[in-house]
Amino acid sequence: AQRVTQPEKLLSVFKGAPVELKCNYSYSGSPELFWYVQYSRQRLQLLLRHISRESIKGFTADLNKGETSFHLKKPFAQEEDSAMYYCALNAGNMLTFGGGTRLMVKP
Amino acid sequence: GAVVSQHPSWVICKSGTSVKIECRSLDFQATTMFWYRQFPKQSLMLMATSNEGSKATYEQGVEKDKFLINHASLTLSTLTVTSAHPEDSSFYICSAKRETGNTEAFFGQGTRLTVV
């Protein structure tokens with residue numbers, strides 16, 4: 001069975017500092033991984049997916065199959081990045097979410 | 001972009017009554033819709049996967065008779081919480097995937113259910 005782990009429930013950084021939100025997964029097949037973001041009082045929305053290898057809002061994430069990780073990174077955090085971030089694994093037709101990490105960017 | 005709408009956004013009901021939550025894909029056809037439950041400060045837990053025209057697939061531990069799911073069309077899935085109890089109070093979220101094979105899921109805004 002697939003599993004997604006986000007070890008940090010809360011990550012607090014100062015504005016301008018680098019950010020790394022950790023995500024590890026376990027899945028026997030070929031994984032398809034996503035990062036979703038939920039801003040305050042808004043619905044969950046897709047931030048990026050590993051297939052497209054794009055950078056959204058300055059965030060990037062690289063799939064490391066050897067370490068089974070898909071960490072989300074941003075070199076300089078902004079206050080508007082404060083939100084809940086969920087790592088998710090698509091296996092078959094099911095999306096499994098990690099526990100989520102709340103990112104707080106302090107001024 | 002694709003829009004998924006849930007109705008109602010918030011519902012308060014008496015214990016013992018049934019509540020229906022609708023999930024609609026407004027501008028695309030969704031062969032598959034998912035229902036999640038989110039407890040305060042916790043992640044989303046998948047309850048069931050529904051495919052249009054067939055029975056829903058429930059996750060382990062989710063009572064089929066309590067959480068009735070109907071995916072009657074390519075744009076509508078409903079979740080009915082039957083004989084609701086206070087412990088059913090939660091945030092219920094649906095998501096939908098396009099039928100074109102795109103694996104991206106689009107989420108509704110969620111429905112807050114409060115059972116008193």
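In what follows, chains are A, B, ... by sequence order, proteins preceding strands, each numbered from 1. Nothing here was measured: the structure is a model prediction, and the numbers come from that model.
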* To do: Sort A:Gln45 into side chain, backbone, both or neither according to what part of it lies under 4.5 angstrom from a heavy atom of chain B.
  => neither

Can you tell me if [X] has over 12 outside heavy atoms packed within less than 6.0 Å of its [atom1]?
X	atom1	result
B:His85	NE2	yes
B:Glu87	CD	yes
A:Met84	CE	yes
A:Phe76	CZ	no
A:Lys15	NZ	no

* Asked: What is the minimum heavy-atom distance between B:Ser43 and A:Phe97, and which atoms define it?
  -> OG-CB, 3.7 Å

* **Per-residue contact mode, B:Leu46 against chain A (heavy atom under 4.5 angstrom)** => side chain

* Asked: Which of the residues A:Lys9, A:Glu32, A:Arg43 is involved in the greatest number of heavy-atom pairs with chain B at under 4.5 angstrom?
  -> A:Arg43

* Asked: Any side-chain heavy atom of A:Leu44 sitting closer than 4.5 Å to one from B:Gln38?
  -> no

